[in-house]
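First up is the structure itself, then whatever we jot down about it.
Everything quoted here is computed from the prediction, not taken from an experiment. Convention: sequence-line order gives letters A, B, ...; per-chain numbering from 1.
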Amino acid sequence: MRLIISEKANTAKKIAGFLAEGEVREGKYRSIPHHTFEWRGDECVSVGLKGHVLTLEFPEEYSNWQKVEPAELIDAEVRKTVTEKGVAQAIKSLAKKADEVIIATDYDREGELIGVDALSLAFEANPKLMDHVKRARFSALTRGEVTRAFDELAEVSRELAAAGEARQDIDLIWGATLTRWVSRATRRYGSSFLSVGRVQSPTLVLIAERELERRRFRPEPYWEVEAGLRAGEVFTARHAAGRFKEKDRAEAALKNLAATARVVEVRERSSKRQPPTPFSTTAFLAAAANIGVSPSRAARIAEDLYMDGYISYPRTDNTVYPESLDLREVLGNLTRVEGVGEYAGRLLKAKRLSPTRGKRQTTDHPPIYPTGSALRKALRDDQWKIYELVVRRFLATLSGPAETKRTTVKLESGGEPLSAGGTVVVEPGFLAVYPYGRKPDEELPRLSEGQELEVVESRLLDKETQPPGRYGQGRLIQLMEDLGLGTKATRPAIIQNLYDRGYVHGDPLVPTETGMAVAKALKDYASEIATHEMTARLEKSMDDISEGKVSKDSVVDDSREILRRVYKHLEGSKEAFAGIVWSGIREDQVLGPCPQCGKNLVIRRNRKSGKRFAGCEGYPECRVTFSLPPRGDIIPLGRRCEACGAPEIKVIGGRRPWITCINLDCPKRQERKDGKREEAGEPSGPSKRRDLERSTTSKSG
DNA sequence: GCAAGGTC
């Protein structure tokens, strides 16, 4: 029997369907399905893994963070252990009956490693298989590609798999060593540990650097002169100088404006906006983020939709529909979809379909497109939102460009030049079906040169320059891709991790002071792990390994050597490093000024009960306390409640973050509460501290 | 209680 091992259940099933010369018999080992069929006169069994079924870890004796010096991890043995027991059992059981094994995992570095790991399980159960291994390399899950790959079976590339192993080793060794070192140096144990990693740390640094730019930014005042002009209706024109840096010059211009303005020139310009390209994972996640669905949620939902047959495989870098994709068949399906059915039907009538294409073309998976028609009521609201996005994007890629008309008008009043502009969509094209981010039309009245208009009003606008904006999640995903950080499958998880570690909050992403401090300390004392260059160098080394130019061991050993150097430097700067991080952590605990004495209110913990509360730094002179929500992360917002003046906080945890002031007696809170029932036994503040002997500053910092 | 990479 020939055992065919692929990366996931779906692929295993499809391979069986493509190769079978006759019927496919479905079977199961425990909960793992497999497919038996005949191909070229041989019996074959096709089975799917669940991605990586082995994971890397340090032996048990290294598990105590306090007792083991992190440095020991640099040279410690690393082991592979099974994470998917059921799958491993199924592979072993099937391997016993096999006389040949064909690796049919994804045709990429991780796929090769996943396949080689599966082989090690197969050999354990049946060593005779060792000399009977083949590799099927197909880069599209189509009948043609798969049968070709099985007709031209190749050898497994140990080198390519070794490149993947080098990545695994280096990520674990650096990540675990530095995570533990930083956590120990700052005495953050248990769930409040501080993490470090090849991808997450440079990502955090990106966010922190943008925040520093914002802090360094000094807004500069400028002024604009605006006038309301009547041409039938009233529209707004602006002084042609745009931004005045000096107020008196702006005021002079304003004063010069006469009671009428004369149209000097009217220009119209048509332009076309091309429809968007097919969805790669990154483009999809960015678009989802723009409609308010976070990458990690969008990825999760897309996975569900894929499993239910509504959309194609959601992890792809491809932005060009393959020849084999029957666009008309997809359109046919979409004629039944609520809201877009008619549009799809119209597209279907076209003689030729010419889809847009993006820059990146790969053949492993098609771009993300709808594979089935969904009923709105069959999906949850968030699922529908994502499904609809994929559907509309697909339709947009088959649509024509949008045509817009831009009108610019030059005017003059009292010797001052004015200008006005407006853009209208004259031919919606793809915008008719893909309205996301569409700006409303701004239409100017019809004007002709020489026309005199009444100046209805005029004003001076007081403005200032704005700092660069924070990264939204979609923007960050795109930036990570541009810098080679993470993969299409891991970026959402990496970002989620930054939230979970308390390094960032909100969207756009706001770094916490702890996040800022960790980023700074890493940049100052372990810059190797703080930039995307480590990934770039690793990629180069992995290419060398897969081409047989260099061994995995030498790459990993070189990396260990660098880590030893970094480690030594860190050890020498332990106090400085911890000092930076501690001051960040402390700042995250400062809620705002005490309403009674003006000193800082900070988050503290009652030593006995462990309950947290807000206490005044002026203690014992000032004994003001407030109670705090018992659960969830507390983010100080640095502003005060409008109603009572107490500091406001954001509480993260539970269903969704909420914002509140810390004063339970706040009139605003009472108002809201009046409708509801009073919660019994809830402590209220401000109150005098009663348990002063037992209270102490939180030791976490 | 560590990382990042798959898949679910």
Side-chain angles (χ1 to χ4, degrees), chain A residues 6-12 31-33 48-60 62-68 70 72-74 76 78 80 83-84 86-87 105-118 161 163-184 187-204 281 296 299-308 313-315 364-365 480 484-498 500-502 529 534-535 538-539 542 559 563:
Chain A
S6 52
E7 195 154 319
K8 42 193 170 279
N10 239 326
T11 309
S31 64
I32 307 300
L49 303 166
K50 287 182 178 174
H52 284 286
V53 292
L54 303 184
T55 192
L56 218 53
E57 61 181 30
F58 292 109
E60 179 70 35
Y62 294 94
S63 60
N64 190 313
W65 289 36
Q66 265 110 318
K67 286 187 188 145
V68 178
E72 289 181 42
L73 298 178
I74 301 177
V78 283
K80 285 187 180 182
T83 50
E84 296 290 344
V87 178
T105 47
D106 291 0
Y107 182 23
D108 55 29
R109 191 199 303 135
E110 295 295 329
E112 206 74 10
L113 175 54
I114 288 167
V116 164
D117 280 347
E165 285 188 322
R167 181 204 56 73
Q168 279 190 325
D169 288 4
I170 290 171
D171 280 342
L172 178 64
I173 294 170
W174 279 75
T177 303
L178 294 180
T179 293
R180 288 199 197 178
W181 187 88
V182 170
S183 297
R184 272 168 60 117
R187 283 180 242 131
R188 303 285 287 181
Y189 295 116
S191 59
S192 56
F193 74 95
L194 298 172
S195 61
V196 179
R198 173 178 58 85
V199 178
Q200 61 167 283
S201 296
T203 306
L204 176 61
T281 300
S296 63
R300 172 76 259 171
I301 294 169
E303 178 70 24
D304 292 342
L305 292 172
Y306 162 64
M307 283 296 163
D308 289 340
Y313 189 67
R315 286 178 286 279
D364 48 352
H365 300 285
M480 289 173 76
L485 289 171
T487 71
K488 55 193 178 293
T490 59
R491 283 177 206 122
I494 298 278
I495 295 176
Q496 189 55 47
N497 196 26
L498 296 178
D500 294 344
R501 288 291 128 76
I529 195 83
M534 176 163 175
T535 295
L538 179 60
E539 289 288 345
M542 286 194 293
S559 184
L563 179 55

Check your understanding: Got a salt bridge between A:Glu539 and A:Arg109, using NZ or NE/NH1/NH2 to carboxylate O under 4.0 Å?
Key -> yes
Review point. How is A:Leu56 classified with respect to the nucleic acid when contacts are heavy atoms under 4.0 Å: base, sugar-phosphate, or nothing?
Key: base
Check your understanding: Which one, B:dG5, B:dC2, B:dG6, comes nearest to the side chain of A:Ile114?
Key -> B:dG6
**Study point:** Heavy atoms of other groups near A:Gln66 CD, more than 12 under 6.0 Å
**Key:** yes
Revision key, fill the gap. Here the distance between atom C1' of B:dG6 and atom NZ of A:Lys488, to the nearest Å, is 10 Å
Review point. Taking only side-chain nitrogens and oxygens of A:Arg180, does any of them come within less than 4.0 Å of OP1 or OP2 of B:dG1?
Key: no
Review point. Are A:Ser559 and A:Trp174 close enough that a side-chain donor and a side-chain acceptor fall under 3.5 Å?
Key: yes
Check your understanding: Has A:Tyr62 got more than 12 heavy atoms of other residues, nucleotides or ligands less than 6.0 Å from its OH?
Key -> yes
Review point. Given atom CD of A:Glu60 and atom P of B:dG1, what is their separation to the nearest angstrom?
Key: 12 Å
Review point. NA contact type, A:Tyr313, heavy-atom cut-off 4.0 Å: base, sugar-phosphate, or nothing?
Key: sugar-phosphate
Revision key, fill the gap. Picking from B:dC2, B:dC8, B:dA4, the nucleotide nearest the side-chain atoms of A:Phe58 would be B:dC2
Review point. Base, sugar-phosphate, or nothing: which does A:Ser63 touch, judged by heavy atoms less than 4.0 Å apart?
Key: base
Review point. Taking atom P of B:dT7 as reference, at what distance in whole Å does atom CG of A:Leu305 sit?
Key: 17 Å
Exercise for review: Would you mind reading off the distance between A:Gln496 atom CD and B:dA3 atom P, rounded to a whole angstrom?
Suggested key: 14 Å
Revision key, fill the gap. Of the candidates B:dG5, B:dG1, B:dC8, the side chain of A:Trp65 sits closest to B:dG1
Practice item. With heavy atoms under 4.0 Å as the rule, sort A:Ser183 into base, sugar-phosphate or nothing. Key: nothing
Exercise for review: Side chain of A:Thr490 only, please: which of B:dA3, B:dG1, B:dG5 is the nearest?
Suggested key: B:dG5
Check your understanding: A:Gly486 near the nucleic acid: base, sugar-phosphate alone, or nothing, with a heavy-atom cut-off under 4.0 Å?
Key -> sugar-phosphate
Point to revise | Distance below 4.0 Å between A:Gln168 side-chain N/O and B:dA3 OP1 or OP2 | key: no
Check your understanding: Side chain of A:Asp171: nearest nucleotide among B:dA4, B:dT7, B:dG1?
Key -> B:dA4
Review point. Nearest to the side chain of A:Arg167 - B:dC2, B:dG6, B:dA4?
Key: B:dA4
**Study point:** Under-4.0 Å side-chain N/O to phosphate OP1/OP2 contact, A:Arg188 with B:dG1
**Key:** no
Point to revise | Atom-pair distance (CD on A:Glu165; C1' on B:dG6), nearest Å | key: 15 Å
Practice item. Would you mind telling me which of B:dG5, B:dG6, B:dC2 lies closest to the side-chain atoms of A:Ala489? Key: B:dG6
Check your understanding: For A:Ala9, which contact category applies under a 4.0 Å heavy-atom criterion: base, sugar-phosphate, or nothing?
Key -> sugar-phosphate
Practice item. Indicate, with a heavy-atom threshold strictly under 4.0 Å, whether A:Ser191 touches base, sugar-phosphate, or nothing. Key: nothing
Practice item. Using a 4.0 Å heavy-atom cut-off across all strands, classify A:Arg491 as base, sugar-phosphate, or nothing. Key: nothing
Check your understanding: If we ignore angles and hydrogens, is there a donor and acceptor under 3.5 Å between the side chains of A:Glu7 and A:Thr105?
Key -> no
Point to revise | Pair A:Gln200, A:Ser195: side-chain N/O donor-acceptor within cut-off below 3.5 Å | key: yes
Check your understanding: What is the distance, rounded to the nearest whole Å, between atom CE of A:Met534 and atom C1' of B:dA3?
Key -> 10 Å
Check your understanding: Where the side chain of A:Thr487 is concerned, which of B:dG6, B:dC2, B:dC8 is the nearest nucleotide?
Key -> B:dG6
Check your understanding: Looking for any heavy atom pair under 4.0 Å, which part of the strands does A:Glu57 touch: base, sugar-phosphate only, or nothing?
Key -> nothing
Practice item. Let me know the distance between CE of A:Met542 and C1' of B:dG5, rounded to the nearest Å. Key: 11 Å
Exercise for review: Considering just the side-chain nitrogens and oxygens of A:Arg198, establish if one lies under 4.0 Å of OP1 or OP2 belonging to B:dC2.
Suggested key: no
Check your understanding: Touch check for A:Lys8, heavy atoms < 4.0 angstrom, all strands: base, sugar-phosphate only, or nothing?
Key -> sugar-phosphate
Revision key, fill the gap. Looking only at B:dG1, B:dA3, B:dT7, the nucleotide nearest the A:Asn497 side chain is B:dA3
Exercise for review: Scan A:Asp106 against the nucleic acid and name what it touches under 4.0 Å (heavy atoms): base, sugar-phosphate only, or nothing.
Suggested key: sugar-phosphate
Exercise for review: Starting from the C-alpha separation in whole Å, work towards a yes-or-no answer on side-chain contact (heavy atoms from CB on, under 4.5 Å) for A:Leu538 and A:Arg167.
Suggested key: CA-CA 7 Å; A:Leu538 179 60; A:Arg167 181 204 56 73; 4.0 Å; yes
Review point. Contact class for A:Val196 (heavy atom, under 4.0 Å): base, sugar-phosphate, or nothing?
Key: sugar-phosphate
Revision key, fill the gap. Contacts of A:Thr83 and A:Asn64 projected onto DNA chain B by closest heavy atom; the upstream (5') one is A:Asn64
Point to revise | Closest to the A:Gln200 side chain, choosing from B:dA3, B:dC8, B:dG6 | key: B:dA3
Exercise for review: Check the distance between B:dG6's P and A:Asp364's CG and give it to me in whole angstrom.
Suggested key: 11 Å
Check your understanding: Would A:Glu110 and A:His52 count as having a side-chain donor-acceptor pair, cut-off 3.5 Å?
Key -> yes
Exercise for review: Using a heavy-atom cut-off of under 4.0 Å over every strand shown, decide if A:Glu303 touches base, sugar-phosphate, or nothing.
Suggested key: base
